[in-house]
Amino acid sequence: MTTQLSSPTASGPAPKPPGRSPRALWHLGVNAIVVVWLALFAVVGSAHHFLPHASWLLVHTLLLGAVTNAVVIWSGHFAASVLRLPEANRGAPAALRLVCLNAGAVAVIGGMYTDRWPVVLVGAGLVAAAVTAHAVWLVRLLKRALPGRFTMTVRYYTAAAALLPAGAALGVVMARGTLGGDLPERLLLAHEMINLLGWVGLTVAGTLITLWPTMLRTRVADGAERAGRRALPILLAGLGAAVAAALLGPPPLAVPGIVTYAAGLVVAGIPWVREARAKPPRSFAAWSVAAGSLWLAGSLLLLAGILLTTTSWITVGERTSLLTAPLAAGWIAQVLLGALGFLVPVVLGGGPTAVRAATAGLERAWPARLTVTNAALLLCVLPVPSVVRVICSVLLLVTLLHFLVLLLLTVVRGLRGRRGGTAAPEPAEARPHRVLGGVALGLAVVMLAVAGGGAADVRSLPILERSAATNADGGEVTPTGRTTTVEVTVRSMRFSPASVDVPAGDRLVVELHNTGTDTHDLVLETGARTDRVAPGERATLDAGVVGRDLEGWCSVVGHRQMGMVFGVRVTGAGAAAAPQDDTQDAPQDDSTAHDHHAAESEGTGDSAADAFDPMAAPADGFTARDAQLPPAEGRVHKRTLTVKEAGAEVAPGVRQTLWTFDGTAPGPVLRGRVGDTFEITLVNDGTIGHSVDFHAGSLAPDEPMRTIRPGESLTYRFKATRSGVWMYHCSTMPMSLHIANGMFGAVVIDPPELPSVDREYLLVQSEFYLGEQNGTADPAKVNAKEPDMVAFNGYANQYDHDPLTARTGERVRIWVLTAGPNLPGAFHVVGGQFDTVFREGAYDLRPGGTEHGGAQILDLAPASGGFVELTLPEAGDYPFVTHIMSDAERGAHGILRVR
């Protein structure tokens, strides 16, 4: 062996008597830090639905926490080993570096979560200082040591450590949030390349020069050191070129840098391939590292393809989010777990038998675990149903937790064995048939998960109302034996062609191509249907033998009402005409309603409109939505909005299944000032496509407002340049239905020098087009502009039962947004007069004018807003309404109680 690691095959001094050496205690202690960060990563993964910025937190608990600690710890250990200075990597300086590193990591994460940029700056400075001190220590170690065969490994570590402070600096600049244009995307890619390909990638490459053959229990291949020496400048040159292009040039200019970096990995990796051919991998550690390397290769290939196929850095930023899971979970996590699986037993020590026993403890069921990990991860990055992706994510989390449990048990057993002077019995080496059995078991687990996910994301079974093969007399048409195949394209919200002619008796096959921007399907009245078809994808519908005219439609809720209908016209003798369908804009029939389950909960069949009584009182203990408007805080506003389908009571005894931002309709209120930056991450946890349009920002809608599929996310960044109360809403078609079913909210941007007031409230007016109880909005009513109910802040008459409050003489400001989707508003406070009216970005009325004027309403068109101010001199209950009185009588009513 070329290092001073104790391993099952390494020659060295005879095992020491049982006991815990300072070296072992040191390594167990510092590696506990890595395990704690991995455990935190597992906790975040389990609770990510309830955490803001969950994706960012997952990435940074893994990479900044677990991986960066592991890099510092193990690069120090390997550097000391190859330089034959094994005691150098311990003591107060090393401990201080780790304390500084972890304090910085905690500060970065805490500062990002509390939106305190100075805390992020301090934390990043601590991380950079710790890693810089680590680099200085490595250089000093090189100067102390005698020339050795594998000093090149330490040069990899030094180069990697020198890069991290640059990556940290870019992260600090991005956290400031005051960037415009495509600069955030450029900086993000440069930050990721420096940290992942530089800090982590160079460390892994340098380590594998000696660790890989040790894992394989073979000798280092001839030329490995020479290959490593040649590869390092290639890797650095490629990384430098790619980063420079990201900061200064168009995306395709970064491709040569990525290719050069990949070439450097090939140069370094040729000896590793020879070593694997001489002694194939037979352990969890070796296979985990090998699998991780394959994920890195695939990720680099995909990154080059992304950069080569677009000239927009914003598009690059959106597409490279696809690489997060392959790089973080596929490459880095698997290499880290593989390294821990090999090195922890070595650190525990106790002699070859004890090391082999500890290794066996960590390798329990390793073929199945590795198979589950990589198959589940592959499904996560493929366009599968969202439920399948969630289940595969759970499988990945379970495999991580399983490893952590095995690691804990192995350490405990090893320490107990050394205390008692005994070692666990040496296990037999895994046989090939057991490996294949484990792989089969892992595949079976993933297949069952996929099947279960598909069952959970059910589509309704075909409902045969009438056979397609019946003729005009009701009998079966005679099959011709021919097949008519037609190509139908989805363009925007239409099928093209909208109808096809088919000879009676022919079998009909429809090839559906979705060229739109939303998910669609095609359903025939017979029950034959396609699956949901994502943009750019295709599906085939086999209608069988056709003997009569048929009607078809897209079953995504609301799409049929917008005109997504399709007709099959049968020609020839015996063809039967379908009944005339004059209900295109009416509610769907039973089969269509059944097809809506992917976007709405099953209704009870009872009409929610029949249950609505504007005079009904809610149950005792009812609490209205808090209408108080919080003050603007900070200049950078980062928020995650998660699309959720939520059952909600919208009036006493009236329940609907709403599509929401963060589980409420209206969605969360955002507030800022002119000049503030908003960075909103939209996560679609619904079952159909959704999007978000912020009226408070001015930018091209093509990318940030695009529809995202279930399980996807995007980041919407804008700068508030004008004041007002602005609407945000889902802009996925049919937009009217998405808004009517709850997908709207308000962004309040204060005018400059907005005076303080005693009370400040926000009211968002919207309409409800009630469908079935526990169902979604009725698309036909939305199209006809016939609402059943109008409400402030999502619940009819709620402030009649839980009034807003003020005191006599207090100045009250009430912001109002009319979200629609169809009706205007005329806000009025009965018994009050407004001395201030601010509407759509300008003051219509302010106190102190020579006219001594006042206002009685704030009249607003759909999607417009403003505020009014008034002072009420007498105690009492002051009703507030929309003075479109029929709407006030349908729920747009409340009370301002003055004491």
Side-chain angles (χ1 to χ4, degrees), residues 62-63 67 70 192-193 196-198 200-209 211-216 218 221 224 227-228 231 234-235 238-239 258-306 320 322-342 363 366-382 384 392-393 395-396 399-400 403 435-436 438-440 442-443 446:
L62 176 64
L63 301 183
V67 173
E192 291 173 338
M193 288 193 295
L196 297 181
L197 303 183
V200 179
L202 293 181
T203 301
V204 170
T207 302
L208 290 181
I209 294 174
L211 182 62
W212 178 244
T214 306
M215 286 180 171
L216 297 177
T218 187
I234 299 174
L235 292 167
L239 181 59
I258 297 298
V259 172
T260 302
Y261 182 90
L265 290 178
V266 171
V267 171
I270 289 174
W272 307 337
V273 175
R274 292 206 304 268
E275 290 158 357
R277 291 179 64 184
K279 191 73 176 290
R282 293 184 179 179
S283 66
F284 164 77
W287 275 112
S288 187
V289 170
S293 301
L294 291 176
W295 280 105
L296 173 61
S299 298
L300 290 175
L301 182 64
L302 183 56
L303 175 59
I306 291 171
T320 51
L322 300 173
L323 298 175
T324 301
L327 285 170
W331 171 42
I332 297 175
Q334 288 203 100
V335 169
L336 175 61
L337 296 187
L340 288 176
F342 179 80
E363 291 194 341
W366 70 263
R369 285 191 284 130
L370 270 181
T371 303
V372 168
T373 297
N374 288 279
L377 182 58
L378 180 61
L379 288 175
C380 282
V381 301
L382 292 176
V384 297
C392 288
S393 300
L395 287 177
L396 289 171
T399 57
L400 172 61
F403 177 84
V435 173
L436 292 176
V439 171
L443 289 174
V446 175

I'd like to check [X] versus [Y] (side-chain heavy atoms, cut-off strictly below 4.5 Å). Are they in contact?
| X | Y | value |
| --- | --- | --- |
| Leu216 | Trp212 | yes |
| Leu63 | Ile332 | yes |
| Leu235 | Leu197 | no |
| Thr371 | Val446 | no |
| Leu400 | Leu337 | yes |

In Å and rounded to the nearest 0.5 Å, what is the [atom1] to [atom2] distance from [X] to [Y]?
| X | Y | atom1 | atom2 | value |
| --- | --- | --- | --- | --- |
| Trp331 | Ser299 | CH2 | OG | 9.0 Å |
| Glu275 | Ile270 | CD | CD1 | 12.0 Å |
| Leu322 | Thr320 | CG | OG1 | 8.0 Å |
| Phe342 | Leu211 | CZ | CG | 6.0 Å |
| Ile234 | Leu265 | CD1 | CG | 10.0 Å |
| Leu239 | Thr260 | CG | OG1 | 11.0 Å |

Partners meeting ring pair (Phe, Tyr, Trp, His ring centres under 6.0 Å) with Tyr261 (sequence neighbours left out): none
List, one per line, each side-chain donor-acceptor pair under 3.5 Å for residues 285-297, sequence neighbours excluded.
from	atom 1	to	atom 2	distance (Å)
Trp287	NE1	Pro281	O	3.0
Ser288	OG	Gln334	O	2.6
Ser293	OG	Val289	O	3.0
Trp295	NE1	Asn374	OD1	2.7

Trace of the side-chain contact (heavy atoms from CB on, under 4.5 Å) decision for Leu323 with Glu192: CA-CA 11 Å; Leu323 298 175; Glu192 291 173 338; over 6 Å; no
Cation-pi, Phe284 ring and Arg369 (6.0 angstrom, 45 degrees): yes
side-chain contact (heavy atoms from CB on, under 4.5 Å) between Cys392 and Leu377, intermediate numbers included: CA-CA 7 Å; Cys392 288; Leu377 182 58; over 6 Å; no
Closest non-hydrogen atom pair between Leu62 and Ala328, with its separation: CD2-O, 3.6 Å
Minimum heavy-atom distance Met215-Ala339, with the two atoms named: CE-CA, 4.0 Å
